[in-house]
Amino acid sequence: MNSPNQHRSTISLIAFTTFFPLVIVPGAPFWKPGLIFDTELAQALEMFQLFPKVLVLLLIGLLGMLSLREIQWRKPFVLLLSVHLLLVLVSSLNARDDLSYALLGPQRRLDGLLYHLGLVLFGIFAYQMLLKLPNLRITLMAALFVGGTIQAVLALLQRLQLDPIGPLVKWSMYSSPVGSLSHPGMLAGLLLPTILLGIWLTIEQSRKEYRWLTLLGLFLSALALGATANRAALIALIVGVVGLSLIHRTWRTLLISAFAVMSVFCVQFVVPNPQGFTREYTATNTLESRFQIWALAYQSLSKIPGAPLIGGGSDAFRLSLLRDPPIADLLELTKTELAWPQDAQVANATVVMPPQEQLRSRYIHVEFERFGGQANIKRDYPITLDKAHNLLLDRLLAFGGLSAMLWVVLYLFPVWKSWRNRNLAWLWIMIALMVYYLAWFPVVGTEPLHLLLVAMGWASISSANSSSIRSAPS
């Protein structure tokens with residue numbers, strides 16, 4: 001029989017899983033600067049969206065760990081997360097950065113030491129609960145699906161210019177579908193597992209009325225993913241549904257998977273787009289910029305003390321670019337991302353740091369001979385690139401090579417252990433997430449929920465192993 005303490009822990013875990021993306025502070029109506037620039041928007045992002053999520057994550061992690069009567073520290077999942085936290089600490093000390101940045105993390109991200117402490121504590125807490133209560137996995141799957149569907153509804157409202165989130169956190173409506181996560185790519189990272197969970201829950205659901213509800217949530221989530229036009233998430237979704245269909249091998253799985261993928265492309269016919277937000281899946285500039293960013297990340301490794309054994313902290317990539325800026329490469333990346341006119345000709349480019357300002361205030365001052373048909377044009381471009389847009393490269397730069405390998409093991413080991421188990425076909429969600437992370441990076445708003453899925457996977461293979469041992473003949 002469950003104790004009252006265990007019951008409270010279960011309820012808090014379910015509530016966190018459902019509502020964590022919605023954690024915001026509606027502070028914009030109470031703080032209205034005279035003029036709103038990028039600096040004010042960055043501050044609003046940190047104060048009203050990111051920092052509240054970090055605090056809630058840290059709180060649920062601490063309280064969850066305190067609620068556990070017994071912790072199985074020798075479990076591989078727990079050991080891997082503990083090693084990750086140690087690597088974060090060592091790399092943060094290696095960053096040669098201000099203590100506030102080491103603790104809180106870089107601007108607009110806040111994925112510093114405090115965040116990773118909360119992430120690890122939460123991961124261990126969730127894993128221990130799943131080991132004690134194996135049936136909790138289905139409930140948490142449903143909670144993740146509900147939370148993702150809520151984000152999908154918010155995103156579709158934003159596409160229709162009915163945004164309830166933007167005025168609360170940034171003084172105006174969002175011009176793109178982001179839910180409460182501030183960026184379409186981040187929203188796509190949540191909708192991806194939501195859709196795959198929706199497929200699995202629909203397959204496993206025996207009650208017809210619930211099956212229609214999950215199909216509705218699946219349809220809305222697929223529409224919202226289509227609205228983000230995120231190519232990495234679309235490719236990852238296709239990989240996920242193919243793997244799920246091959247392992248589960250039923251016509252129902254195949255048909256529902258096909259329905260989900262087709263729904264992604266239906267958004268332009270089903271939901272109006274008055275704001276005109278659109279991206280082409282066939283556009284090449286995003287992929288070209290990714291290759292340039294990865295090349296810059298590889299160059300930055302040589303500028304981090306101790307790399308690749310240890311990293312340079314959460315902001316290692318940006319700090320390396322600021323301390324020794326590769327001007328030509330940064331300008332080439334800027335040209336690709338901002339689509340400079342074809343006649344753009346650079347006469348001179350210099351790195352400038354305003355007097356009495358900190359290192360992160362550096363920017364590139366560019367003088368153009370010609371730019372868009374005009375002569376003698378001057379532009380300033382801040383050096384803000386801080387993520388390699390690849391999970392492995394970002395972990396390598398921030399926390400070292402061991403960290404990169406550690407996260408590969410965390411995501412892929414459960415899939416390898418259950419390769420032919422039809423009952424664990426849902427673990428292909430982790431393969432899909434790894435594909436998504438090949439062109440994206442972990443963020444505060446979605447990574448804890450991804451880690452929860454990973455914890456479910458590790459707990460599932462542990463339970464499967466225990467069951468096989470108990471059922472083995474003596």
Quick one: do R109 and D315 satisfy salt bridge (Lys or Arg N to Asp or Glu O under 4.0 Å)? Show the steps, please.
CA-CA 9 Å; R109 308 296 183 200; D315 210 14; over 6 Å; no

State, without any angle test, whether Q158 and S176 hold a side-chain donor-acceptor pair at a distance under 3.5 Å.
no

Polar side-chain atom of R159 near backbone of V271 as donor-acceptor pair, under 3.5 Å:
yes

Would you say T228 and N230 are linked by a side-chain donor-acceptor pair, where the criterion is simply a distance under 3.5 Å?
no

Do Y115 and E447 have a side chain donor and acceptor closer than 3.5 Å?
yes

With distance as the sole criterion, is a donor-acceptor pair present between the side chains of H84 and W407 under 3.5 Å?
yes

Among T18, I429, I14, L197, which residue satisfies the side-chain contact (heavy atoms from CB on, under 4.5 Å) criterion with L144?
L197

Please check if the side chain of Q161 supplies one atom and the backbone of P274 the other of a donor-acceptor pair under 3.5 Å.
no

Should R360 and D97 count as an ion pair when the cut-off is N to O under 4.0 Å?
yes

Distance-only donor-acceptor check, side chains E367 and N376, under 3.5 Å:
no

Whether R395 engages the ring of F399 as a cation-pi pair (distance to the six-membered ring centre under 6.0 angstrom, angle to the ring normal within 45°) should be assessed.
no

If we only count heavy atoms from C-beta on, is the Q275 to Y174 side-chain gap below 4.5 Å?
no

Quiz question: by atom type and distance under 3.5 Å, do the side chains of S9 and S67 form a donor-acceptor pair?
yes

